Amino acid sequence: MEQLATFENSVIEYDGDAWRLVMPEPDSALDALRVLVEVRRGSGLRLNAQFAAHRRLPAEDGLSPADIERVVLGWSHKDGSWQLGLMLAPALAEVRGSRWCGLATWPDSSGAVGTPTHLSAADAGQKLAGLISKPFTVVPRKAETPAASPAQQVYTTPAAPVRLVSPPAALPPMPYKLGHWSFGRDASGALAFTLERGYVRGRILRAVWYLFWAVAFVVLSLTSLTSGIALPQPAVLPYVGFGCAVVMVIIAVYTALSALRQPRRVLVNGLNGTIRWMRGDKLAQSLQAGEIQGIYASQVVTRASEKKPRRHLTYGEVNAYLQDGRFVALVSRLDMDEKYDVIVQADAPRDEDAVRPLSAHETHNSVQAAAVQVADALGVPAWDDLRVK
């Protein structure tokens, strides 16, 4: 079996059919090993009683594959190390108070991908994930915070110092109203962005309205040319009318097609780590959690000050930032009208556009809350992409 030592003086042993975390028994002259975690292909994790109690896990039954969403190897800035662990399912996470269950740690101040430390830990993590048929995700060190949004211009200015602070608060209860979308859970328990029923109908009616005006322009232009009375001045006006009719038809066709091609639901399933864009029962697009670096709450808000400590959220997006550097919008063009109070530090710098980490305790509005819940379900970081107007 392959062997990999960890910082905790434990050892990971694995091959194609088994994986276990062991630790030498103290005061043993026979080099006896105590098995902390053991798994064989197709089965759950058997846990040492002391190990399980320390991590608030069920010792007798261990962990079944259904209790685990994914295996994660992430670099911890706080500890300067790679950490291998399990992202647990919501039901078990609620009981123990945390979704993260750490297994092993390897110090590595660089946090670079491709180093011997990273590669060895990643191999051990992949083997464990393969044995329990769960996704394996690597969360690398961020050299710098990306500052781009697909529907906004790119900002290369470093993130401004944190200026606004709110008292810690729990996430608001779902569902959330996000422009023409709602965000909540569907019947299966998956997170779901659902398009308003009247949205597509409204877009089709708008396309019909454009066609009406196209016909009106054609009728007026033909009447001007065939009525037998003097042509309007300038004489080119009837032909301008024909041109306007063509433009109206193009806009109507584009509006109708974009409405019909619009996904009706965006489903985020933390159990299998997927995002799916659905058009009725038809899958329009999908992403795996392993393809995603983070979830961005992109917002346009009004400036806040010590004298006016209230923000007005006017526009929002929830975007996935992919490993290849692209952004994919889960929902976009959200016309928002949400106001909320913030606490402004007296000596803080002026409000500026910024991208900063986002957690449940730092959410102020429904766009941020939705992004945090999506990121938490997929086991990836959430980021606040704030644009101040």
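For the single chain, residues carry numbers from 1 onward in sequence order. What you see below is based on every heavy atom in this structure, not just the backbone, and it leaves out hydrogens, waters and symmetry mates. Remember, it's a predicted structure, so these values are computed and weren't measured experimentally.
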If you take all heavy atoms of [X] and [Y], which pair is closest and at what distance?
{"X": "I295", "Y": "V380", "answer": "CG1-CG2, 3.9 Å"}
{"X": "S298", "Y": "V367", "answer": "O-CG1, 4.2 Å"}
{"X": "I12", "Y": "A104", "answer": "CD1-CB, 4.1 Å"}
{"X": "L378", "Y": "R70", "answer": "O-NE, 3.3 Å"}
{"X": "A259", "Y": "I204", "answer": "CB-CD1, 4.3 Å"}
{"X": "G16", "Y": "L131", "answer": "O-CD2, 3.6 Å"}

Given side chains that start at C-beta, do those of [X] and [Y] come closer than 4.5 Å, heavy atoms only?
{"X": "L267", "Y": "D186", "value": "yes"}
{"X": "L128", "Y": "L86", "value": "yes"}
{"X": "F183", "Y": "P175", "value": "no"}
{"X": "L57", "Y": "L63", "value": "yes"}
{"X": "L358", "Y": "T363", "value": "yes"}
{"X": "V266", "Y": "I275", "value": "yes"}
{"X": "V138", "Y": "W82", "value": "yes"}
{"X": "Q373", "Y": "Y176", "value": "yes"}

If you count every heavy atom of other residues, nucleotides or ligands that lies below 6.0 Å from [X] atom [atom1], does the total exceed 12?
{"X": "R264", "atom1": "CZ", "answer": "yes"}
{"X": "R310", "atom1": "CZ", "answer": "yes"}
{"X": "R206", "atom1": "CZ", "answer": "no"}
{"X": "R41", "atom1": "CZ", "answer": "yes"}
{"X": "R40", "atom1": "CZ", "answer": "no"}
{"X": "W213", "atom1": "CH2", "answer": "no"}

With no hydrogens and no angle check, is any side-chain donor or acceptor of [X] less than 3.5 Å from a backbone partner on [Y]?
{"X": "D67", "Y": "S64", "answer": "yes"}
{"X": "R55", "Y": "G102", "answer": "yes"}
{"X": "S332", "Y": "A329", "answer": "no"}
{"X": "T314", "Y": "M336", "answer": "no"}
{"X": "K134", "Y": "P65", "answer": "yes"}
{"X": "S258", "Y": "T255", "answer": "yes"}
{"X": "T6", "Y": "S10", "answer": "yes"}
{"X": "Q83", "Y": "S81", "answer": "no"}

same_hphob_cluster([X], [Y]) at 4.5 Å side-chain heavy-atom cutoff:
{"X": "V249", "Y": "L257", "answer": "yes"}
{"X": "L4", "Y": "F7", "answer": "no"}
{"X": "V247", "Y": "F217", "answer": "yes"}

Sequence neighbours left out, what passes ring pair (Phe, Tyr, Trp, His ring centres under 6.0 Å) with F51? Give chain and number order.
-> none
Can you sort out the partners of E338 under salt bridge (charged side-chain N to carboxylate O under 4.0 Å, His left out), two or more places apart, ordered by chain and number?
-> none
Would you please test V39 and I132 for side chain to side chain contact (heavy atoms under 4.5 Å, CB included) and show each step?
-> CA-CA 8 Å; V39 59; I132 59 176; 3.6 Å; yes
[atom1] of [X] to [atom2] of [Y]: how many Å apart, nearest 0.5 Å?
{"X": "E69", "Y": "L92", "atom1": "CD", "atom2": "CG", "result": "10.5 Å"}
{"X": "I292", "Y": "R326", "atom1": "CD1", "atom2": "CZ", "result": "11.0 Å"}
{"X": "I251", "Y": "Y210", "atom1": "CD1", "atom2": "OH", "result": "6.0 Å"}
{"X": "Q293", "Y": "F327", "atom1": "CD", "atom2": "CZ", "result": "9.0 Å"}
{"X": "M174", "Y": "S366", "atom1": "CE", "atom2": "OG", "result": "12.5 Å"}
{"X": "T117", "Y": "W75", "atom1": "OG1", "atom2": "CH2", "result": "12.5 Å"}

Should the pair [X] and [Y] be assigned to parallel (<30°), tilted (30 to 60°) or perpendicular (>60°) ring geometry?
{"X": "Y199", "Y": "H180", "value": "parallel"}
{"X": "W383", "Y": "Y296", "value": "parallel"}
{"X": "H364", "Y": "Y340", "value": "parallel"}
{"X": "F242", "Y": "Y239", "value": "tilted"}

When you check the gap from the basic side-chain N to the acidic O, do R333 and D335 get nearer than 4.0 Å?
-> no
Under the criterion side chain to side chain contact (heavy atoms under 4.5 Å, CB included), which of V72, T105, V71, L21 is the partner of L84?
-> V71
Identify which one of L287, N319, V374 satisfies the side chain to side chain contact (heavy atoms under 4.5 Å, CB included) criterion when paired with L330.
-> V374
For a quick check under 3.5 Å, do [X] and [Y] share a side-chain donor-acceptor pair by atom type?
{"X": "Y14", "Y": "Q126", "answer": "no"}
{"X": "Q299", "Y": "D384", "answer": "yes"}
{"X": "R34", "Y": "Q50", "answer": "yes"}
{"X": "Q323", "Y": "E291", "answer": "no"}

W19 and E13: side chain to side chain contact (heavy atoms under 4.5 Å, CB included), yes or no, with the steps?
-> CA-CA 6 Å; W19 190 102; E13 299 180 337; over 6 Å; no
Listed partners of V219 passing side chain to side chain contact (heavy atoms under 4.5 Å, CB included), at least two apart = V215, T223
Verdict with supporting geometry, L45 and E38, side chain to side chain contact (heavy atoms under 4.5 Å, CB included) | CA-CA 6 Å; L45 276 69; E38 185 174 24; over 6 Å; no
So, for W209 and F212, is the gap between ring centers shorter than 6.0 Å?
-> yes
Checking side chain to side chain contact (heavy atoms under 4.5 Å, CB included) for the pair M278/L283: CA distance, chi angles, key distance, verdict?
-> CA-CA 5 Å; M278 305 297 297; L283 178 65; 3.7 Å; yes
